[in-house]
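Heads up: numbering here begins at 1 and tracks the sequence.
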Amino acid sequence: MSVTLRRLYGVSRLVLTNTQPWLRTIRVPPAASMVRPYTSGKDSSQPPPDPPMDRMDIVMSMEPAIPIYTPKQNEPFETRRARLLYQSRKRGMLENGLLFSTFADRYLNKLDEQQLKLYDRLINEPSNDWEIYYWVTGAKPTPEEYNNEVMDMLKQHAQNKNMEQRFRQPDLTEQ
């Protein structure tokens, strides 16, 4: 079986010969130069050259910006509590999902309005869930703007002094 690489219309294709018909063409991701936006006024017959490795900031700057969190205004207390319960369970990484869902199961109904706002801000403002995890577990120092009573409760919860088994999220209950 022979393998050849062809570049057709800016798309690389890996072509396999002497094999099954359905395996003849496999797509290969385009080069970095092919994902940069088109700039008008230049010769478009040749793709622009790849940036040198010390200028990868050009390619990396194409990532979409993370939207800034804006707190919900005039949200009813019970609606906020329900939203925070959902957001505590759906974190996008297992560690925080387990940590925040068990915290919410135990403490969310006991938090007052001000504490709910602090918790809302804590789980929604930072753009990186790993940072929150490191703060709660004590691996990194907590920034001053998030160092509050709810963070202290979370840190205490993360220590798990009762040695509870937290292998899965708690079941949802009717409230």
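- Each ring pair (Phe, Tyr, Trp, His ring centres under 6.0 Å) pair with one or both residues in residues 70-103, not counting sequence neighbours, appears once here: Phe103-Tyr107, Phe103-Tyr119, Phe103-His157.
- In terms of the side chain to side chain contact (heavy atoms under 4.5 Å, CB included) criterion, Thr70 has no residue partners (sequence neighbours excluded).
- Note that NZ of Lys72 is 8.0 Å distant from CG of Asn124, once rounded to the nearest 0.5 Å.
- Of the possible donor and acceptor atoms, none in the side chain of Arg80 sits under 3.5 Å from a partner among the backbone N and O of Leu116.
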Problem - From CA spacing to verdict: side-chain contact (heavy atoms from CB on, under 4.5 Å), Glu125, Glu145 - result: CA-CA 11 Å; Glu125 270 188 12; Glu145 63 264 23; 5.6 Å; no
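- Here the side chains of Trp135 and Pro143 are in contact, with some heavy-atom distance below 4.5 Å.
- For the pair Asn147 (side chain) and Thr142 (backbone), a donor-acceptor distance under 3.5 Å is absent.
- Side-chain contact between Arg121 and Tyr146: present, with at least one pair of heavy atoms (C-beta onward) separated by less than 4.5 Å.
- Going from atom OG of Ser88 over to atom CD1 of Ile123 covers 4.5 Å, rounded to the nearest 0.5 Å.
- Residue-environment remark: CD (Glu144) stays at or below the threshold of 12 foreign heavy atoms within 6.0 Å.
- To the nearest 0.5 Å, atoms CG (Leu118) and CG (Asn148) are separated by 4.5 Å.
- One finds the CG atom of Leu154 at 11.5 Å from the CD atom of Gln159 (value rounded to the nearest 0.5 Å).
- Side chain of Arg89 to main chain of Thr102: no donor-acceptor pair is present (N/O by atom type, distance under 3.5 Å, no hydrogens or angles).
- Leu98 forms part of a hydrophobic cluster together with Leu94, judged by ILVMFWY side-chain heavy-atom separations under 4.5 Å.
- The CG atom of Asn109 sits 5.0 Å away from the CZ atom of Arg81 when rounded to the nearest 0.5 Å.
- Counting only distance, with no hydrogens or angles, the side chain of Thr79 and the backbone of Glu75 share no donor-acceptor pair below 3.5 Å.
- Using a 4.0 Å cut-off between a side-chain N of Lys or Arg and a carboxylate O of Asp or Glu, Arg83 and Asp120 qualify as a salt bridge.
- Closest non-hydrogen pair, Leu122 versus Met151, comes out as CD1-CE, 3.5 Å.
- In this structure, Glu131 and Lys140 approach most closely via the heavy-atom pair OE2-NZ, 3.1 Å.
- The shortest side-chain heavy-atom distance between Arg91 and Ile132 falls under the 4.5 Å cut-off.
- A donor atom on one side chain and an acceptor atom on the other are not found under 3.5 Å apart for Lys155 and Thr137.
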